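Throughout, protein chains are lettered first and strands after them, A, B, ... in sequence-line order, and every chain is numbered starting at 1. Since this is a predicted model, take the numbers as computed values, not measurements.
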Amino acid sequence: MHTKFFVTTPIYYVNDKPHVGSTYTTVAADALARAYRLRGIPTLFLTGTDENSQKNLEAADKAGAKDLQSYLDGMALIWQKTWRELGITFDDFIRTTEERHHRAVEKFWKSVEQSGDIYKATYEREYCVGCESFKTPFDLQDGKCPLHPNRPLEKVSEENYFFRASAYAQDLLKLYHDKQDFVQPQSRQNEIRSYVKNAFEDFSISREAKKLACGISVPGDESQRIYVWFDALVNYMSAVGYGTDNKLFAKWWPATLHLVGKDIIKFHCALWPAMIMSAAKSDPSLRYANGEPKLPEHIFAHGFFTIEGQKISKSLGNAVDPLDLVKKYPFDAVRYYLLREISFGEDGDFAAQRLEDRYASDLANNLGNLVNRSVSMSRKYFDNRIPTTNIQETLRGLPETVWGGADNLEGLWQTVDQYIEASRWDMALEAIWSGEAVSLSAANKYVEQTQPFRMIKENPENAAKVLYTLLEACRHFAWMVEPVMPNVAADIIRQLGQDPETERQKGIKELKKWGGLQPGAELPEPKILFPRLENKKI
RNA sequence: CGCGGGGUAGAGCAGUUGGCAGCUCGCCAGGCCCAUAACCUGGAGGUCGUGGGUUCAAGUCCCACCCCCGCAACCA
């Protein structure tokens with residue numbers, strides 16, 4: 001595990017409100033952030049909005065906003081509000097129109113300039129507004145942008161500033177080679193490698209101010225504005241004090257993990273590290289003691305969604321508003337579904353039916369039912385209390401049963417931690433649900449094999465052991481899934497007669513130990529964790 | 001020679017470093033009765049797109065081929 005965890009989402013364009021795509025990225029980041037916080041690791045979770053884009057200007061006009069700034073303010077608020085309602089625990093929200101960001105960009109630009117990697121050149125090329133990037137003949141297909149064939153290319157002939165990105169191609173290739181997990185999943189690293197190898201050119205990083213109504217001015221040249229990507233990427237640094245708070249910056253940079261969609265990997269995995277390599281040459285705060293540039297440690301590119309098998313599209317009316325979603329389903333369930341159903345890094349499909357299946361099967365039948373039956377039996381047979389038993393004797397399961405005991409539980413914790421470190425919640429959750437010796441499934445089997453409801457008559461001592469084991473296991477499972485389903489986890493802890501906040505204070509080491517439940521403690525009346533979803537079609 | 005994703009049981013999907021082909025749902029037959037008609041056991045169901053190759057061993061690596069999906073705008 002890391003000594004600190006600084007995770008970011010991309011900054012989102014505010015030309016629209018959040019939808020499942022941005023929600024997916026942000027929920028994934030949130031679950032990771034919560035996991036590290038729970039583990040006592042200093043965590044900073046950053047998200048925000050990209051407000052210097054021409055697209056926003058178009059959107060503001062379209063929305064009939066009285067001026068750009070009030071439009072941006074309104075949208076930024078909507079994004080923040082949406083995230084809060086989805087239980088997103090971001091620590092900071094950066095807006096690229098903020099002063100701190102402007103100062104960071106300015107400093108960054110100057111560093112790159114000082115390193116000799118900014119030069120002026122006149123050139124004529126095609127600019128695609130859709131991509132917000134220049135296209136080389138190599139990029140074009142039939143003279144059109146292959147991504148936006150119906151959007152006319154702008155012929156641009158002007159004097160701009162360029163970033164000498166090509167000078168870093170070799171260093172980037174070396175980086176990918178030396179650090180196999182710099183870009184994940186592996187297939188994306190391959191893609192990036194071939195891009196850098198074959199098509200990595202210098203970037204134009206400014207436009208004439210008179211043609212661009214918004215954006216940050218080039219330091220020392222008011223007639224030019226900084227290209228949106230060159231500005232946007234720096235947000236990851238400006239939020240942690242680059243150019244404004246050296247101490248803060250030293251504490252948090254470099255980022256541990258940039259979470260991005262697969263469409264923007266070129267910018268994050270090639271341009272961004274190249275920019276840092278350059279700036280680091282003249283800015284010691286961007287270098288380690290050994291002189292190496294402080295690059296982000298990992299970049300994870302997730303896949304895209306289809307909705308019910310179809311591409312997300314407003315004209316089809318299938319864009320899902322996350323706020324509508326959490327009106328229909330508990331947000332814990334939505335979070336669980338997003339993180340469990342799609343293998344992180346792959347494309348996936350969002351289907352209401354699947355969500356409901358998972359809800360009924362994984363959540364209600366397995367998790368909810370296990371907690372409910374365990375608590376109910378304990379209350380019934382042991383006077384509304386956690387059975388009194390010798391905890392030492394519950395370290396192992398009864399002979400001839402599947403239950404693997406405390407050692408295996410420790411192993412499961414390790415597995416979960418390992419998958420979290422790889423950002424693979426899908427795998428972590430699968431292990432919790434259906435691992436061999438210790439899991440929700442194993443716990444349910446343990447009930448069948450030992451039959452405490454029968455055992456209570458013949459061998460109450462063993463029944464006490466089994467039930468204590470089940471309750472204690474539930475406590476562990478609750479903490480394992482807490483980052484994904486914070487409300488559900490808290491409910492389980494309460495049903496076990498503990499206070500979630502008091503428990504959390506004890507720290508992860510304590511929580512991971514076997515025997516956290518006090519034998520003989522009172523058990524409150526259990527409530528259904530996952531009520532049936534009747535007629536709740538989305 | 002555009003870019004990318006994918007073809008594994010009826011449906012939906014996993015398969016990190018090559019080592020008996022798995023999961024969820026559905027279906028069939030049992031069990032249990034603590035529990036949210038939940039839980040457990042057993043079973044049927046697969047030429048892992050096709051053809052070659054490497055290997056003691058390939059869904060997994062290599063080569064060729066076939067098929068499907070996305071790529072106006074919105075957009076991770």
Using a heavy-atom cut-off of 4.0 Å across all strands, would you classify A:Y24 as base, sugar-phosphate, or nothing?
nothing
Any strand counts, and the cut-off is 3.5 Å on both contacts for Watson-Crick or G-U wobble. Which nucleotide pairs with B:C61?
B:G53
Choosing from B:A76, B:C34, B:G4, which nucleotide comes nearest the side chain of A:R188?
B:G4
Side chain of A:S187, heavy atoms from C-beta onward: which of B:U36, B:A35, B:G5 has the nearest atom to it?
B:G5
Rounded to the nearest Å, what distance is computed from the CD atom of residue A:E341 to the P atom of nucleotide B:A14?
9 Å
Closest nucleotide of RNA chain B for A:S434 versus for A:T306: which of these residues is on the 5' side?
A:S434
To the nearest Å, give me how far apart CG (A:D426) and C1' (B:G15) are.
12 Å
What integer number of Å spans the C1' atoms of B:U24 and B:G45?
16 Å
Integer angstrom distance from the P of B:G18 to that of B:U55
16 Å
Just checking A:G348: base, sugar-phosphate only, or nothing, at a heavy-atom cut-off of under 4.0 Å?
nothing
For A:W425 and B:C13, give me the distance from atom CH2 to atom C1', rounded to whole Å.
21 Å
With sugar-phosphate meaning primed atoms plus P, OP1 and OP2, does A:F530 contact a base, only sugar-phosphate, or nothing at under 4.0 Å between heavy atoms?
base
When all nucleic acid strands are considered with a 4.0 Å heavy-atom cut-off, which category describes A:N444: base, sugar-phosphate, or nothing?
sugar-phosphate
Distance in angstrom units between A:Y337 OH and B:C25 P, rounded
15 Å
Roughly how far apart are A:C269 SG and A:R193 CZ, rounded to 0.5 Å?
12.0 Å
Ignoring backbone atoms, establish whether A:R454 has a side-chain N or O less than 4.0 Å from OP1 or OP2 of B:C33.
yes
Distance (rounded to the nearest 0.5 Å) between A:I386 CD1 and A:L496 CG:
6.5 Å
Looking only at the side chain of A:Y12 (C-beta and beyond, no hydrogens), which of the listed nucleotides B:G5, B:A76, B:C39 gets closest?
B:A76
I need the single residue from A:W79, A:Y12, A:W83 that forms a side-chain hydrogen bond (donor to acceptor under 3.5 Å, both in side chains) with A:T26. Which is it?
A:Y12
Using a heavy-atom cut-off of under 4.0 Å over every strand shown, decide if A:Q449 touches base, sugar-phosphate, or nothing.
nothing
Phosphate OP1/OP2 of B:U41: any A:K445 side-chain N/O under 4.0 Å:
yes
Interatomic distance where CG belongs to A:N366 and C1' belongs to B:C25 [whole Å]
12 Å
C1' atoms of B:C61 and B:G19, separation to the nearest Å
14 Å
Should B:C3 form a Watson-Crick or G-U wobble pair with both distances under 3.5 Å, which nucleotide is its partner?
B:G70
Check the distance between B:C25's C1' and A:R340's CZ and give it to me in whole angstrom.
13 Å
Report the base-pairing partner of B:C48 (Watson-Crick or G-U wobble, both distances below 3.5 angstrom), or none.
none
Where the side chain of A:L529 is concerned, which of B:U36, B:C39, B:G4 is the nearest nucleotide?
B:U36
When we call it a touch if two heavy atoms are under 4.0 Å apart, what does A:G21 touch: a base, just sugar-phosphate, or nothing?
base
Which nucleotide in B:C39, B:A76, B:C33 has an atom nearest any side-chain atom of A:Y13
B:A76
Testing B:A14, B:C34, B:U36 for proximity to the side chain of A:F453, the answer is B:C34
Under 4.0 Å, counting only non-hydrogen atoms across every strand here, what does A:Q186 touch: a base, just sugar-phosphate, or nothing?
nothing
Write down the distance between OH (A:Y446) and P (B:C40), rounded to a whole number of angstrom.
16 Å
A:R396 side-chain N/O to A:G405 backbone N/O, donor-acceptor pair under 3.5 Å:
no
Can A:H258 and A:Y236 be said to form a ring-ring contact (aromatic ring centres under 6.0 Å, His included), step by step?
CA-CA 9 Å; A:H258 290 320; A:Y236 302 127; 4.1 Å; yes
With a cut-off of less than 4.0 Å, is there a side-chain N or O of A:R424 near OP1 or OP2 of B:G15?
yes
If we call it a pair only when both distances are under 3.5 Å in a Watson-Crick or G-U wobble match, what pairs with B:G12?
B:C23
Quick check: do A:Y446 and A:L398 have side-chain heavy atoms less than 4.5 Å from each other?
yes
So if I take every side-chain heavy atom of A:S361 and compare against B:A35, B:U24, B:C40, which nucleotide ends up nearest?
B:U24
Taking any heavy-atom pair under 4.0 Å as a contact, classify A:S343: base, sugar-phosphate, or nothing.
sugar-phosphate
Figure out the CZ/P separation between A:R373 and B:A35, and round it to whole Å.
10 Å
In whole Å, measure the gap between the C1' atoms of B:C48 and B:C23 for me.
15 Å
Among the nucleotides B:A35, B:G5, B:C32, which one has an atom lying closest to any side-chain atom of A:S376?
B:A35
Could you give the distance separating B:A21 and B:U47 at their P atoms, to the nearest angstrom?
14 Å
Any side-chain N or O of A:K62 less than 4.0 Å from the OP1 or OP2 oxygen of B:C74?
no
Name of the residue among A:Y337, A:W425, A:F350, A:F344 meeting ring-ring contact (aromatic ring centres under 6.0 Å, His included) with A:Y24
A:F344
So, is A:N372 near the phosphate of B:A38, with a side-chain N or O under 4.0 Å from OP1 or OP2?
no
Would you please classify the geometry between the A:Y336 ring and the A:W433 ring as parallel, tilted or perpendicular, with 30° and 60° separating the classes?
tilted
Please tell me which of the listed nucleotides, B:U36, B:G4, B:A14, lies nearest to the side chain of A:A364?
B:U36
Side chain of A:E448 only, heavy atoms from C-beta on: which candidate in B:U24, B:C33, B:C40 is closest?
B:C40
Determine the interatomic distance between P on B:A11 and the same-named atom on B:U50; round to the nearest Å.
16 Å
Has A:E430 got a side-chain atom pairing as donor or acceptor with A:R340's backbone, closer than 3.5 angstrom?
no
